[in-house]
Participant: 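What follows is a single structure, and I will ask about it in a moment.
Not measured: the values here are computed from a predicted model. Below, chains carry the letters A, B, ... as their sequence lines are ordered, and counting in each starts from 1.
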Protein chains: 2
Amino acid sequence: MADLTDRQAAAWTSYQRMRVRLSGVLGRELAHATGLSEADFDVLVAVHERPDDTVRALSLRCGLEWEKSRLSHQLRRMEQRGLITRETCEEDSRGSVVRLTERGRELACEAKRHYDDAVRRYVMDSLTPEQVAALAEIADTLLDRIQVTHK
Amino acid sequence: MADLTDRQAAAWTSYQRMRVRLSGVLGRELAHATGLSEADFDVLVAVHERPDDTVRALSLRCGLEWEKSRLSHQLRRMEQRGLITRETCEEDSRGSVVRLTERGRELACEAKRHYDDAVRRYVMDSLTPEQVAALAEIADTLLDRIQVTHK
DNA sequence: CAAGGTTAGTTGATACGTCAACCTTGGCTG
DNA sequence: CAGCCAAGGTTGACGTATCAACTAACCTTG
């Protein structure tokens, strides 16, 4: 249980600052361009990736790695704003099925364009291909190290 | 305004998942070990780094890159829990000065030990020194690209 | 020194995230 | 099939983050 080295501590500090600034600017651009939060965006994109723009809530939850209450609250808000609908599931009447509305589908596409563009401008354009590859490898290594700890 | 390449998109996805899982597990460990949130922790550590465990709120705000209302709300809660005190500033009576209580100081030290240990276990132990250096360089590059956009 | 703009900080409203408690349904197992 | 437990989801309470509106003090400039 040795202390972090100076290099490690400095790397961690840089990472933390980068992480906060980056998600801040991306979130703000997204909100400004489309009125969506990052949570809205994550849900819309995840549902839009499924056939029929439809997905079992449980499956959505696992894909996003969200707590069940978080998803429930988020879906309630999105339903109120007319982005999705919820139906009870056929195979398992405990479950529910999420479907994009027309407006949800449109927003998902539009938001994804804006978002990807912002990722390109703020991240990809500043990094060399080697750095992008290194980042991916680092992230995958850590992902492998940190298993999901769902409730 | 070209699309992201497959490599870029995959790198971004990995980064996002890593980021969320990592801050999730670190936050949970911190809360479990000390009862502090990450926001509490950031404030305590930032104040504890200053001489006398004392800092002007403005300076704290700039260091953390927080919105002023965020800091205000956070300090109110921390004051109620006896982690800090607030006094009005001598030189500028608009301002305020934040000071750690004895309990705040103790918690800051204890939490930092736990936190650094978790960073070591979850991050540093899994990465090569080259990867740590690469991460720092990537983060610094992006930090330079994304200027602070305070309100 | 008076007027007007700027700055530090607070407040209230609203959205988001987590936890614990709860309800209903599904699946076991005796 | 009766009794139970686990699983999917909802709800309420509370802490946290952001925005806009506000107050009070500071600072310039005429």
Participant: Between P on dA15(C) and CG on Leu30(A), what's the gap in Å once rounded to a whole number?
Facilitator: 16 Å
Participant: Just wondering, do Leu44(A) and Leu36(A) contact through their side chains at under 4.5 Å, heavy atoms?
Facilitator: yes
Participant: List the steps and the verdict of side-chain hydrogen bond (donor to acceptor under 3.5 Å, both in side chains) for Ser96(A) and Arg56(A).
Facilitator: CA-CA 6 Å; Ser96(A) 74; Arg56(A) 178 79 192 271; over 6 Å; no
Participant: Between the protein and nucleotides 13-16 of chain D, list every N/O to N/O distance that falls short of 3.5 Å.
Facilitator:
from: dT16(D); atom 1: OP1; to: Ser37(B); atom 2: OG; distance (Å): 2.9
from: dT16(D); atom 1: OP2; to: Arg77(B); atom 2: NE; distance (Å): 2.6

Participant: Does any nucleotide pair with dG30(D) by Watson-Crick or G-U wobble geometry, both distances under 3.5 Å, and what is it?
Facilitator: dC1(C)
Participant: Would you kindly give the CD-to-P distance between Glu79(A) and dA15(C), to the nearest whole Å?
Facilitator: 16 Å
Participant: Would you kindly give the CD-to-P distance between Glu87(B) and dT10(C), to the nearest whole Å?
Facilitator: 13 Å
Participant: When you compare the side chain of Glu110(B) with that of Tyr115(B), does any pair of heavy atoms fall below 4.5 Å?
Facilitator: no
Participant: Need one value for Ala31(A): base, sugar-phosphate or nothing, where a base atom within 4.0 Å counts as base even if backbone is also close, heavy atoms only.
Facilitator: nothing
Participant: Find the distance Glu38(A):CD to dT18(D):C1' and express it as a whole number of Å.
Facilitator: 13 Å
Participant: In terms of the nearest nucleotide of DNA chain C, which residue is placed more toward the 5' end: Ser69(A) or Ser69(B)?
Facilitator: Ser69(B)
Participant: Expressed as a whole number of angstroms, how long is the span from Trp66(A):CH2 to dT18(C):P?
Facilitator: 9 Å
Participant: Distance from Gln80(A) atom CD to Leu75(A) atom CG, nearest 0.5 Å?
Facilitator: 11.5 Å
Participant: Rounded to whole Å, please give me the gap between CG in Leu75(B) and P in dA8(C).
Facilitator: 15 Å
Participant: Which nucleotide wins on minimum distance to the side chain of Lys68(B), given the candidates dT10(C), dC19(D), dA25(D)?
Facilitator: dT10(C)
Participant: Hey, could you give me the CG/CD distance between Asp117(A) and Glu29(A), rounded to the nearest 0.5 Å?
Facilitator: 8.0 Å
Participant: How close or far is atom P of dA7(D) from atom CG of Leu71(A), stated in whole angstroms?
Facilitator: 18 Å
Participant: Do Met124(B) and Val119(B) touch side chain to side chain, with heavy atoms closer than 4.5 Å?
Facilitator: yes
Participant: Using a 4.0 Å heavy-atom cut-off across all strands, classify Ser72(A) as base, sugar-phosphate, or nothing.
Facilitator: base
Participant: Show the nearest heavy-atom pair for residues Ala11(B) and Val132(A), with the distance to one decimal.
Facilitator: CB-CG1, 3.6 Å
Participant: Taking 4.0 Å as the cut-off, does a side-chain nitrogen or oxygen of Ser93(A) come that near to OP1 or OP2 on dG26(C)?
Facilitator: yes
Participant: Mapping Gly24(A) and Cys89(A) to their closest nucleotides on DNA chain D, which lands nearer the 5' end?
Facilitator: Cys89(A)
Participant: Starting at CZ of Arg86(B) and ending at C1' of dA8(C), how long is that distance when rounded to a whole Å?
Facilitator: 12 Å
Participant: Tell me which pairs pass salt bridge (Lys or Arg N to Asp or Glu O under 4.0 Å) where either residue lies in residues 71-84 of chain B, with sequence neighbours left out.
Facilitator: Asp40(B)-Arg81(B), Glu79(B)-Arg86(B)
Participant: Given the rule that I, L, V, M, F, W and Y join up when any side-chain heavy atoms are under 4.5 Å apart, are Leu58(A) and Val47(A) in one cluster?
Facilitator: no
Participant: What N/O pairs connect the protein and nucleotides 4-7 of chain C at under 3.5 Å? Give each pair on its own line.
Facilitator:
from: dT7(C); atom 1: O2; to: Arg94(B); atom 2: NH1; distance (Å): 2.8

Participant: Any side-chain heavy atom of Tyr15(B) sitting closer than 4.5 Å to one from Leu22(A)?
Facilitator: yes
